[in-house]
Amino acid sequence: MMLIEEIRQIKESKKDLKKFGLTIGVVLLAIAVFLLIKGSGSAIFWGAAGLLLVVLSFAMPGVLKPLNKIWMTLAIVLGWVMTRVILVILFYVALTPTALVARLFNKDFLNRKIDKSAKSYWQKREKKEFDAQSYERQF
């Protein structure tokens, strides 16, 4: 399965673990600052966790390997699920109404109707003079 292969290829070098620890640590410290401004008592826990991750990322990045593996696995699975959710929403919000309107007006975008009297279904294009610019800018 593709997800399992992607999980196996999670980068775990010291540089990647250090970057992971710093990123998550700084985000947790930012949450702690926000909670401190709001007057929440849980700010100390967020700050301690963030500070611990920042310190570990500099001192012993190898310790962060299991946490990085869990975090990145969660990110990969969440990305896989959200991709499908977004595509389903896009299909039902954009393509389904278009298809319903086309059926309502009997529009066939692909010209799928069989014409027994037609000799060919080939559609001739008008011949244009060669223009190198048209190859550079096709659209």
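We're numbering straight along the sequence, starting at 1.
Heavy atoms only, all atoms of each residue included: I7 and K69 are closest at O-NZ, 3.3 Å. The two atoms that bring L17 and L64 nearest to each other are O-CD1, 3.7 Å, heavy atoms only. Between A43 and L35, the shortest heavy-atom distance links the atoms CB-CB, 3.8 Å. The shortest heavy-atom contact between V26 and V54 is N-CG2, 4.1 Å. Of all the heavy atoms in L56 and V63, the pair that sits closest is CD1-CG1, 4.4 Å. A pairwise comparison of heavy atoms in K113 and N106 identifies NZ-O, 4.4 Å as the closest pair.
Residue L67 holds its CG atom at 11.5 Å from CE of M72, rounded to the nearest 0.5 Å. Atom CG of residue N68 and atom OG of residue S57 lie 12.0 Å apart, to the nearest 0.5 angstrom. Between the CG atom of L90 and the CG atom of L95 there is a distance of 6.0 Å, given to the nearest 0.5 Å. Note that the CZ atom of R112 and the CG atom of D108 stand 4.5 Å from one another [nearest 0.5 Å]. Atom CD1 of I10 is separated from atom CD1 of I70 by 10.5 Å, given to the nearest 0.5 angstrom.
With sequence neighbours left out, R125 forms a salt bridge (charged side-chain N to carboxylate O under 4.0 Å, His left out) with no residue at all. Annotation: salt bridge (charged side-chain N to carboxylate O under 4.0 Å, His left out) contacts of R103 (sequence neighbours excluded): none.
The side-chain heavy atoms of S13 and D16, taken from C-beta on, include a pair separated by under 4.5 Å. Counting only heavy atoms from C-beta outward, the side chains of W46 and L29 never approach each other to under 4.5 Å.
Listed by first then second residue, pairs satisfying ring pair (Phe, Tyr, Trp, His ring centres under 6.0 Å) with a partner in residues 75-134 read F130-Y135, not counting sequence neighbours.
A donor-acceptor pair is defined here as one N or O able to donate and one able to accept, closer than 3.5 Å; no such pair exists between the side chain of T96 and the backbone of V93. Between the side chain of S40 and the backbone N or O of L36, no donor-acceptor pair lies under 3.5 Å.
Screening E5, K11, E12 for a side-chain hydrogen bond (donor to acceptor under 3.5 Å, both in side chains) with Q9, the sole residue that qualifies is E5. The side chain to side chain contact (heavy atoms under 4.5 Å, CB included) with I76 is formed by just one residue from the set I4, L3, V81; it is L3.
Counting non-hydrogen atoms of neighbouring residues, nucleotides and ligands closer than 6.0 angstrom, the CD1 atom of I44 reaches no more than 12 such neighbours.
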